[in-house]
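We're numbering straight along the sequence, starting at 1.
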Amino acid sequence: MAKNKDKNIEKNVNDEEVENNTKKAHKDMVLEYMPYVIIIVFVVLIRTFIATPIKVNGSSMSPTLYNGDHMLLYKLTPKTRGIKRFDIVVISTDSGKLIKRVIGLPGEKIRYEITKDEEEREVATLYINGEAVEENFITDEAKNATCVIDTKICNGEDVEIPEGEYYVMGDNRINSKDSRMIGTVDKKNISGTTQLILFPFNRIGKVK
């Protein structure tokens, strides 16, 4: 009986030791993987609420952006700094996400007029609330292409932008689906702003 009792005690001790070792192993494993879990959660939170990589598809923003450019989208900008004129933004439409440039702000009246430069060449000039505004991020050819597409913004009359909405266009005015076709964009459909190219490496940096 004493011998069996000793065996039972030994068995209980061994079981307890195995259980303790198992718990320790689980704890060690949790501690080992915890940094990775924290990193994953951190990355998910950043991509969801702060910034996320995006890819340019198409040529509607050339020559500022090219097809295949990888950029960083800042999601907090609309809430922190606000959206400013000439910001490059990502918008949500029925046909998907588009990258465009903000031209007109909420409540503004905008139009384009064909004027002549110093060399008597015709140039489409942007007017905001009756004042000429220079678009120094595109060429004169691109400016003139603004009015190639039949649109209200070039018929000599002001287009008033509703409150809470923005007028956007691509820098490649001859080949861009933008507010000239789809109308103004509600602020809630603007995902954020972007200006930093991450890839390809020969194009890394900020764009105007």
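- Glu163 places a side-chain heavy atom less than 4.5 Å from the side chain of Pro106.
- Side-chain contact annotation: Lys75 with Ser191, donor-acceptor N/O pair under 3.5 Å absent.
- Neither side chain, Ser92 nor Lys188, offers a donor N or O lying under 3.5 Å from an acceptor on the other.
- Between Tyr166 and Leu105 there is a side-chain heavy-atom pair separated by less than 4.5 Å.
- Lys187 is not listed as a side-chain neighbour of Glu165, based on a closest heavy-atom distance of 4.5 Å or more.
- Looking only at atom types and distance, the side chain of Glu135 has a donor-acceptor partner in the side chain of Tyr112 under 3.5 Å away.
- In terms of hydrophobic clustering, with Ile, Leu, Val, Met, Phe, Trp and Tyr side chains grouped at heavy-atom distances under 4.5 Å, Val56 and Val90 are assigned to a common cluster.
- Side-chain contact check for Lys100 and Ser176: at least one donor-acceptor pair (N or O, by modelled atom type) lies under 3.5 Å.
- The side-chain heavy atoms of Phe86 and Ile103, taken from C-beta on, include a pair separated by under 4.5 Å.
- Considering only heavy atoms from C-beta on, Tyr167 comes within 4.5 Å of Ile110 through its side chain.
- A cation-pi arrangement is present between Arg101 and Phe137, with the terminal nitrogen or guanidinium carbon under 6.0 Å from the aromatic centre and inside a 45° cone about the axis.
- At a cut-off of 3.5 Å, with distance as the only test, no side-chain donor of Ser60 or Lys177 sits close to an acceptor on the other residue.
- Using a 4.5 Å cut-off on side-chain heavy atoms (C-beta onward), Met71 and Ile54 make contact.
- Using a 4.5 Å cut-off between side-chain heavy atoms of Ile, Leu, Val, Met, Phe, Trp and Tyr, with links allowed through other members, Phe199 and Ile204 fall into the same hydrophobic cluster.
- Looking at heavy atoms from C-beta onward, Asp158 lies out of side-chain contact with Tyr127 at the 4.5 angstrom threshold.
- By the rule that hydrophobic residues join a cluster once side-chain heavy atoms approach within less than 4.5 Å of another member, Leu126 and Ile161 end up as members of one cluster.
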